Each structure stands twice: as structure tokens, then as C-alpha cells.
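The figures that follow rest on heavy atoms only: side chains count, while hydrogens, waters and symmetry mates do not. Letters A, B, ... are given to chains in the order of the sequence lines, protein chains preceding strands, and every chain is numbered from 1. Small disclaimer: the values here were computed from a predicted structure and weren't measured.
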There are 2 protein chains.
Amino acid sequence: MSLTAAARVRPVGQDHYSISEVASYTGLSAHTLRWYERIGLLNGVHRSHTGQRLYTDGDLDWLDLIGKLRLTGMPVADMVRYAELVRAGDQTMPERTQLFREHREVVRQQIEDLRTTLAVLDFKIEFYEGASSQCTP
Amino acid sequence: MSLTAAARVRPVGQDHYSISEVASYTGLSAHTLRWYERIGLLNGVHRSHTGQRLYTDGDLDWLDLIGKLRLTGMPVADMVRYAELVRAGDQTMPERTQLFREHREVVRQQIEDLRTTLAVLDFKIEFYEGASSQCTP
DNA sequence: TACTTGCTTGGAGTGCACTCCAAGCAACAA
DNA sequence: TTGTTGCTTGGAGTGCACTCCAAGCAAGTA
């Protein structure tokens with residue numbers, strides 16, 4: 001669910017990165033990066049004179065945000081919707097605020113649910129440990 | 001991700017519930033309940049003389065636990081593995097403890113990730129609100 | 001020059017977790 | 001007696017998020 005620290009080191013600040021550099025930075029596969037672009041989640045990635053993708057620092061920032069939203073279980077379709085709103089310009093800001101406000105509640109609820117489960121897990125672990133220590137006193 | 005309070009009311013404590021009662025209690029569909037049983041996630045559900053399933057309070061408790069693990073994103077295969085360990089008897093307790101201990105770390109990491117995202121969401125919402133209040137002073 | 005590496009494309013394939021279907025049976029109401 | 005409802009089954013279908021494939025091109029190395 002979470003990426004290693006090593007993978008998260010942004011390559012030299014040259015402001016143009018190959019697909020494999022971005023893949024190792026984000027932990028997404030090159031396939032997924034191309035797919036994100038195809039479905040409109042990542043728009044207007046620049047190309048070299050030979051047609052290869054060149055990602056900018058701005059693209060990396062965008063992928064960071066997308067990655068966080070993905071970790072919260074936001075459906076790809078919703079992220080695409082957000083990308084469309086950003087592309088549409090500043091007049092969509094109220095709608096974007098609304099989208100994030102709703103998602104914030106979802107995330108809050110998830111944290112609540114996880115905390116409840118964590119308590120159950122702690123209880124179970126304690127129970128199993130108590131039971132096994134009775135076997136080997 | 002979370003069920004409504006209404007759905008979570010356990011039917012009259014008769015200790016045998018029909019599939020539709022259990023469906024409305026757990027929020028799972030009857031299809032899913034049968035599928036859980038088929039894959040070994042729910043074992044030995046009793047039957048009426050006409051062959052219909054009769055769930056016990058114990059089954060409901062088990063489904064509560066399964067539901068919590070599901071909310072944390074535990075794969076169904078892992079839950080089946082846990083069910084097998086429980087069926088295998090008390091000597092699998094150390095393995096069960098280990099399984100839960102590992103999953104506890106996963107859940108902790110998820111909570112961390114969600115908190116980070118919540119902060120980003122708060123920041124974005126504040127930014128969008130600040131930007132729109134500049135337009136309408 | 002020959003080979004390897006890394007990229008390109010559209011479309012097809014995969015894995016997961018359900019979700020539905022068709023055919024059929026039992027119990028009850030009109 | 002004739003529906004209607006609620007359940008049964010194995011197997012097929014669905015939606016999501018990737019994931020892979022085959023064919024091909026450009027750049028660099030032996």
C-alpha cells in the first residue's frame with residue numbers, strides 16, 4: 001500500500017524525466033503511466049524529437065497528488081473528473097472544493113474504521129498471546 | 001465503505017437467521033454470503049429441513065470480524081487462510097497471532113497514509129476557498 | 001554492421017471481488 | 001389450484017484497475 005523511501009527520491013532536478021525514471025519514482029509501472037495518460041488522468045505530457053515522453057516536475061507533483069488520492073481508495077473515474085475540472089480552468093474551483101470536501105469525509109470515516117479494526121486486532125493478538133503463554137508457563 | 005447504523009441492527013436474538021436477514025444485517029448481498037461459504041470463508045452454515053441456510057449468532061460475529069478485515073483491504077484469500085487456521089484448531093494460534101501482527105502494521109501504515117492525505121485535502125480546500133473569496137470579497 | 005536497450009502504439013488479457021442467471025423447490029395466500 | 005415469495009444450485013458475466021503483447025523505431029555499444 002505504501003512505497004519504499006528509496007523509490008520516492010526524485011531524480012536530478014532537470015525537469016524532464018523518462019517514463020522509466022517516473023516509474024521508479026512513483027512506483028507505478030510504465031504501462032500504468034501510459035494508461036493514465038490515455039484515460040485523461042495525466043494530460044499533455046511533452047515528447048522528445050523522437051516521440052518519447054518527457055515528464056516535468058509539474059507532472060511529478062500531479063502524480064504525487066493522484067497517488068495520495070489513490071491510497072484513499074478514490075476511484076480512477078473520480079480522479080479523471082478532477083483532472084477535467086483542472087483543465088477546464090479557474091471557474092471550476094467551487095466544484096473542486098466540493099469534490100475534496102466530500103472526499104475528506106470519506107477519508108475521515110476510513111480512519112475511524114481503521115482505528116476500530118486496529119483495536120480488534122490488538123485485542124485478538126493479546127488474546128492469542130495469553131492463550132499460548134498458558135500452554136508454556 | 002461504511003454501513004449505515006440501521007443495517008447493523010442484529011435481528012431478534014433467536015440464534016438462527018435466514019440469508020436475507022443476514023444480508024440486511026451485514027450489508028453483504030445474499031450472493032456474496034453464498035460465495036463466501038463456497039470459497040471457505042464461512043464454514044458449516046446450518047440448514048433447515050428444507051435445505052435453507054440458518055445462520056447463528058456465532059456466524060454473525062465471524063462476519064463482523066471478516067467485515068472489519070475487509071474494510072482494511074485484507075485480500076479475501078488471506079481471510080480464507082485465517083479461516084482455515086481457525087478450523088485447524090488451537091495449535092495454529094501462533095500462526096494466527098503472526099498473521100494479525102503483520103496485518104496490524106499494514107493497518108497502522110494505512111492510517112498514516114490517510115492522515116497525510118487528509119492534510120493535503122485540508123490544504124487544497126483552504127487554498128480553493130481563499131482563491132474564491134478573493135473573487136467575491 | 002549487428003546487437004541490445006528503451007521506448008512507441010492499439011488492443012487484448014488478467015486478477016480480484018463480487019454479481020447475476022436460469023431452472024427448480026418449498027411454503028403460504030387468494 | 002394458481003400464483004407469489006424466498007430460497008437453492010453451478011456456472012457464467014461484470015467492473016475495476018491495471019498488465020501484457022506484438023510489432024516496430026531510435027540510439028548507443030561491440
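- Put simply, the side chain of B:Asp57 reaches to within 4.5 Å of the side chain of B:Tyr17, judged on heavy atoms.
- With contacts defined as side-chain heavy-atom distances shorter than 4.5 Å, the pair A:Trp62/A:Thr56 does not qualify.
- For B:Trp35, the side-chain atoms get nearest to C:dC18 when compared with the rest of C:dC18, C:dG6, D:dG6.
- Atoms CG (B:Leu41) and P (C:dC18) sit 9 Å apart, rounded to a whole Å.
- Counted within 6.0 Å of CG on A:Asp90, heavy atoms from surrounding residues, nucleotides or ligands total 12 or fewer; the atom is thus considered open.
- Atom CD in A:Glu21 sits roughly 12 Å away from atom P in C:dG6 (whole-Å rounding).
- The residue A:Ser29 sits apart from the nucleic acid: no heavy atom pair falls under 4.0 Å.
- Going from atom CD1 of B:Ile39 over to atom C1' of C:dT19 covers 14 Å, rounded to whole Å.
- In terms of position on DNA chain D, the residue among B:Ser18 and A:Met79 whose nearest nucleotide sits closer to the 5' end is B:Ser18.
- A salt bridge between B:Arg34 and B:Glu37 is absent, with no side-chain N of the basic residue lying under 4.0 Å from a carboxylate O of the acidic one.
- Note: CG (B:Leu42) to C1' (C:dC18) measures 15 Å, nearest angstrom.
- Among C:dA17, D:dA17, C:dT8, the nucleotide with an atom closest to any side-chain atom of A:Ile19 is C:dT8.
- The OH atom of B:Tyr36 sits 20 Å away from the C1' atom of D:dT9 (whole-angstrom rounding).
- When distances are taken from the side chain of B:Thr32 to each of D:dC18, C:dC20, C:dC18, the shortest belongs to C:dC18.
- Residues of residues 44-53 of chain B that place a heavy atom closer than 4.0 Å to DNA chain C, in numerical order, are B:His49, B:Thr50.
- Atom CZ of A:Arg38 and atom P of D:dT19 are 14 Å apart (whole Å).
- Side-chain atoms of B:Gln98 and B:Glu102 include a donor-acceptor pair closer than 3.5 Å.
- Transitive grouping of hydrophobic side chains (ILVMFWY, heavy atoms separated by less than 4.5 Å) keeps B:Phe123 and A:Tyr82 in distinct clusters.
- D:dT8 atom C1' lies 12 Å from atom NE2 of B:His31, rounded to whole Å.
- Comparing B:Ala77 and A:Leu54 by the nucleotide of DNA chain C whose heavy atom lies nearest to each, the residue mapping closer to the 5' end is A:Leu54.
- Atom CD in A:Glu37 sits about 10 Å away from atom P in C:dG10, given to the nearest Å.
- Donor-acceptor pairing under 3.5 Å, judged by distance alone, is absent between the side chain of A:Arg34 and the base of C:dG10.
- Counting only heavy atoms from C-beta outward, the side chains of A:Asp78 and A:Leu99 never approach each other to under 4.5 Å.
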